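Have a look at the structure below, then the notes.
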Amino acid sequence: MPKKKLVVLSGAGISAESGIPTFRDAGGLWEGHDVMEVASPQGWKKNPALVLDFYNQRRKAAKQAQPNDAHKIVKRLEDYFDVTVITQNVDDLHEKAGSSHVIHLHGSLFQMRSSLDENLVYDIEGDIHLGDKCPKGSQLRPHIVWFGEAVPLITTAAEISIDSDVFIVVGTSLQVYPAAGLIEYLHRDTLKFLVDLNPPSVDYIKNLTIIADKASEGMRKVMEKLMEIFPN
Ligand code: NAD
């Protein structure tokens, strides 16, 4: 029998135990910055050097970080389910944990792109400097979807989500659309779980189990429940 389809929608909270701070828990600041300063086209236009420096630092921190038990359980779910991870995170901790199918809805710290042509995307391990140009002559920028920018992968993510048998939301405040909307379009009978230290209110969602816990412990409980519901 083919494996059941399971989707994990993750946010900054899944990486908190790996030492990467979320931003809403810090009063809407991302590492001390107003998000519009470092994660919007206006912020980029106003001060590209600050924006490059901000993501250069985030990239260094992400390189040091290790996946925690929550990322590892997401990987382990592949033993039983056909798993797709849809992450809002720009770190690479799902990949470091070994997950096979990861969609980075909001881009990745480990890619940069032309500011003229969004199709010119390159891998990056080190820093991006002011003056680093794409072949078309424009400044290279982080390949991150900033506030106010389109989310090109949302259609793919929606198609995969709608098709899921199990949908797990972990560590996201569900404040950032269109990612937050994915949970609203699922079938009634899709089995849904939400793991968050401080769960957002989504009482209107049917067939949803809310686990108010840190990501590692919450994912352990989800795994336990799934093994009860789908014994081998
Ligand atoms: P958010 O900061 O808005 O919300 C974080 C959520 O995680 C909150 O609901 C909080 O209660 C929960 N949380 C905090 N610590 C937790 C823990 N230990 N275990 C379980 N839950 C915990 O994050 P978001 O919803 O992902 O949206 C933020 C945006 O900021 C995203 O677009 C993302 O790209 C970006 N961001 C990414 C990273 C990263 O890549 N690790 C870090 C910060 C921000």
Side-chain angles (χ1 to χ4, degrees), residues 8-41 43 51 54-74 85-97 99 102-111 141-154 157 168-184 193-202 205 208-223:
V8 176
L9 172 65
S10 66
I14 197 172
S15 296
E17 289 169 72
S18 295
I20 301 183
T22 65
F23 82 80
R24 249 158 261 276
D25 297 301
L29 295 182
W30 193 355
E31 301 275 352
H33 293 276
D34 177 338
V35 291
M36 295 311 276
E37 223 172 68
V38 293
S40 75
V51 174
F54 175 79
Y55 289 100
N56 288 341
Q57 287 181 38
R58 301 285 72 72
R59 190 174 307 106
K60 283 196 183 90
K63 278 169 96 167
Q64 305 274 319
Q66 293 307 319
N68 63 59
D69 284 348
H71 300 99
K72 291 178 190 167
I73 291 169
V74 171
V85 179
I86 301 172
T87 188
Q88 297 167 84
N89 294 345
V90 293
D91 66 49
D92 61 347
L93 294 181
H94 283 295
E95 285 89 345
K96 276 191 188 161
S99 280
V102 185
I103 296 175
H104 281 273
L105 263 192
H106 295 162
S108 162
L109 286 169
F110 298 96
Q111 289 185 312
R141 54 164 272 188
H143 186 43
I144 306 272
V145 176
W146 288 328
F147 287 99
E149 293 188 316
V151 181
L153 289 171
I154 194 67
I168 304 169
V169 179
V170 49
T172 167
S173 58
L174 293 176
Q175 296 286 310
V176 181
Y177 277 80
L182 288 172
I183 193 171
E184 289 160 17
F193 295 92
L194 187 148
V195 175
D196 200 290
L197 260 184
N198 183 16
S201 69
V202 280
I205 305 281
L208 173 71
T209 304
I210 296 178
I211 300 173
D213 216 327
K214 60 181 183 178
S216 57
E217 189 53 21
M219 284 305 298
R220 195 188 59 71
K221 290 177 183 165
V222 170
M223 181 72 152

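Since the model is a prediction, treat every value here as computed from it, not as a measurement. Each ligand, and each atom within it, is numbered from 1 in the order the structure gives.
Annotation: P21 places no N or O atom under 3.5 Å from an N or O atom of ligand 1; distance criterion only. In terms of N/O distances under 3.5 Å, ligand 1 is approached by D91.
Atom 13 (N) of ligand 1 has G13 CA, 3.7 Å as its closest protein atom, hydrogens excluded (heavy atom only). Atom 12 (C) of ligand 1 has as its closest protein heavy atom D196 OD1, 3.1 Å.
Residue contacts with ligand 1 include Q88, since one of its heavy atoms falls under 4.0 Å from the ligand.
Under the ring pair (Phe, Tyr, Trp, His ring centres under 6.0 Å) criterion, H94 pairs with H71, not counting sequence neighbours. Remark: K72 engages D69 in a side chain to side chain contact (heavy atoms under 4.5 Å, CB included) (not counting sequence neighbours).
The proximity of V90 to ligand 1, defined as any non-hydrogen pair under 4.0 Å, involves the side chain as well as the backbone. When heavy-atom distances to ligand 1 are checked against a 4.0 Å cut-off, A215 comes that close through both its backbone and its side chain. Counting heavy atoms closer than 4.0 Å to ligand 1, residue A39 contributes nothing at all.
Considering only heavy atoms from C-beta on, V176 comes within 4.5 Å of F147 through its side chain.
Of all atoms in ligand 1, listed by their number and element, those nearer than 4.0 Å to a heavy atom of G11 are 26 (O).
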